[in-house]
There are 2 protein chains.
Amino acid sequence: MGITKSEIFTDQQNEIALIAKAFGHPARVAILQHIFKKQTCICGDLVQEIGLAQPTISQHLKELKNLGLIKGNVEGTSVCYCINKEKWDEALGLFKQFLEQDSDKNTKCK
Amino acid sequence: MGITKSEIFTDQQNEIALIAKAFGHPARVAILQHIFKKQTCICGDLVQEIGLAQPTISQHLKELKNLGLIKGNVEGTSVCYCINKEKWDEALGLFKQFLEQDSDKNTKCK
DNA sequence: CATATTAATCGTAATATTGCTATGTAATAA
DNA sequence: TTATTACATAGCAATATTACGATTAATATG
């Protein structure tokens with residue numbers, strides 16, 4: 001039915017999935033990388049950097065902001081975005097835990 | 001138009017997004033965690049473990065297999081799945097690189 | 001005030017995803 | 001052979017996502 005049955009999974013599984021979904025679009029990956037690279041608040045130049053229309057970028061930014069991965073503050077007519085360190089570190093922890101399982105054990109089936 | 005413009009992004013960005021999309025559903029997170037936990041090939045018990053219908057699980061497994069994150073081999077009437085170590089390590093590397101940027105620098109905008 | 005700039009929102013079209021039932025298929029068991 | 005078991009596939013309905021043009025909201029600047 002196009003709807004995810006979140007209630008049958010653990011909070012951790014849902015949280016990993018939510019963050020992963022945010023990373024699941026190249027535009028959002030590019031946006032986050034650009035924010036990191038510039039080390040500073042950026043605003044409309046994302047539209048130029050990435051070749052997507054302004055409303056599309058704005059929508060991706062909104063998703064990232066809703067999840068808490070980035071923060072945005074208004075400066076005059078423009079809005080500056082930056083990484084939300086707390087949430088980012090949480091994501092880092094979750095993914096490390098999820099990805100760094102000992103895959104050497106899993107060779108029982110070739 | 002509901003379609004991702006992959007061509008305007010780098011291979012790395014697209015690869016991160018593809019893998020992240022696979023992690024972007026709690027059922028697939030649960031499946032992967034279960035395969036890791038059991039350390040051995042599992043088959044139909046995923047349907048019991050997770051509360052989804054067999055065709056639904058089968059579909060999620062197919063996605064993970066198509067991406068290369070897991071492998072499956074037939075054993076009698078059942079099919080055993082296991083982590084594809086090569087691909088998993090690639091994912092680990094990509095996500096580490098992506099997530100472990102120094103977020104301390106990014107405090108210029110509060 | 002009028003106007004420009006910047007970004008958010010609305011509405012829409014195209015496409016993708018999730019999950020199911022029903023059915024098909026391949027291997028084993030009786 | 002027939003039945004059973006274990007999965008896969010097809011088809012479908014509900015919903016979500018992606019992307020854009022048009023518009024709106026808010027702040028600057030002349």
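Note on naming: letters A, B, ... go to the chains in the order of the sequence lines (proteins, then strands), and numbering restarts at 1 for each one. Since this is a predicted model, take the numbers as computed values, not measurements.
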State, to 0.1 Å, how close A:Ile35 and A:Cys82 come at their nearest heavy-atom pair, and which atoms those are. CG2-CA, 3.8 Å
In short, the helix from C:dC1-D:dG30 to C:dA30-D:dT1 is bent end to end, axes from five pairs each side, to 10°, by 10°
Residues in residues 60-68 of chain A with a heavy atom under 4.0 Å of DNA chain D, by number, are A:His60, A:Glu63
Qualifying residues under side-chain hydrogen bond (donor to acceptor under 3.5 Å, both in side chains), relative to B:Gln13, sequence neighbours excluded: A:Gln33, B:Thr10
Interatomic distance, B:Asn73 CG vs D:dA6 P [rounded to whole Å]: 17 Å
Whole-Å gap separating P (C:dA16) and CD (B:Gln59): 14 Å
Indicate the atoms forming the closest heavy-atom contact of A:Ala22 with A:Leu64, along with that distance. CB-CD2, 4.3 Å
Quick one: list whatever passes side-chain hydrogen bond (donor to acceptor under 3.5 Å, both in side chains) with A:Lys65, sequence neighbours left out. none
Non-neighbouring partners of A:Lys5 that pass salt bridge (Lys or Arg N to Asp or Glu O under 4.0 Å), sequence neighbours left out: none
Distance-minimising heavy-atom pair for A:Ala53 and A:Val47: C-CG1, 4.4 Å
C:dT18 C1' sits how many Å from B:Ile50 CD1, rounded? 14 Å
Under 3.5 Å, which protein N or O atoms sit close to an N or O of nucleotides 22-28 of chain D? Give each pair with its distance.
unit_1 : atom_1 : unit_2  : atom_2 : d
D:dA28 : OP1    : A:Gly76 : N      : 3.4

So which heavy atom on A:Ile50 is nearest to which on A:Ala27, and how close? CD1-O, 4.0 Å
Answer yes or no: does a side-chain N or O of A:Thr56 lie under 4.0 Å from OP1 or OP2 of D:dC20? yes
Restricting to salt bridge (Lys or Arg N to Asp or Glu O under 4.0 Å), what partner residues turn up for B:Lys87, sequence neighbours left out? B:Glu15, B:Glu90
Could you tell me the separation between the CD1 atom of B:Ile3 and the P atom of C:dT17, rounded to a whole number of Å? 10 Å
Nearest-angstrom distance from the residue atom CD of A:Gln48 to C1' of C:dT6: 13 Å
Heavy atoms under 4.0 Å, any strand shown: does A:Leu52 hit a base, just sugar-phosphate, or nothing? sugar-phosphate
Using the test salt bridge (Lys or Arg N to Asp or Glu O under 4.0 Å), find all partners of A:Glu49 that sit at least two apart in sequence or belong to another chain. none
Report the nucleotide, chosen from D:dA19, C:dA7, D:dA6, that has the shortest atom-to-atom distance to any side-chain atom of B:Ser78. D:dA6
Heavy atoms of B:Leu69 and B:Ala91 approach each other most closely as CD2-CB, 4.5 Å
Minimal heavy-atom distance between B:Ile19 and B:Leu67, with the atoms involved, is CA-CD1, 4.1 Å
5′-ward residue of the pair A:His25/B:Ile57 relative to DNA chain D: B:Ile57
Among the nucleotides D:dC7, D:dG21, C:dG19, which one has an atom lying closest to any side-chain atom of A:Ala53? D:dG21
Suppose the criterion is ring pair (Phe, Tyr, Trp, His ring centres under 6.0 Å): which pairs have a residue in residues 10-30 of chain A, not counting sequence neighbours? A:Phe23-A:Trp88, A:Phe23-A:Phe95, A:Phe23-B:Phe98, A:His25-A:His60
Side-chain N or O of B:Tyr81 closer than 4.0 Å to phosphate OP1/OP2 of D:dA8: yes
Is there a residue in residues 5-20 of chain B whose heavy atoms reach under 4.0 Å of DNA chain C, and which residues are they? none
Salt bridge (Lys or Arg N to Asp or Glu O under 4.0 Å) partners of A:Glu63, counting only residues at least two apart: A:Arg28
Between A:Val79 and A:Lys21, name the one whose nearest nucleotide on DNA chain C is closer to the 5' end. A:Val79
Partners passing side-chain contact (heavy atoms from CB on, under 4.5 Å) against B:Ser78 (at least two apart in sequence or in another chain): B:Cys43
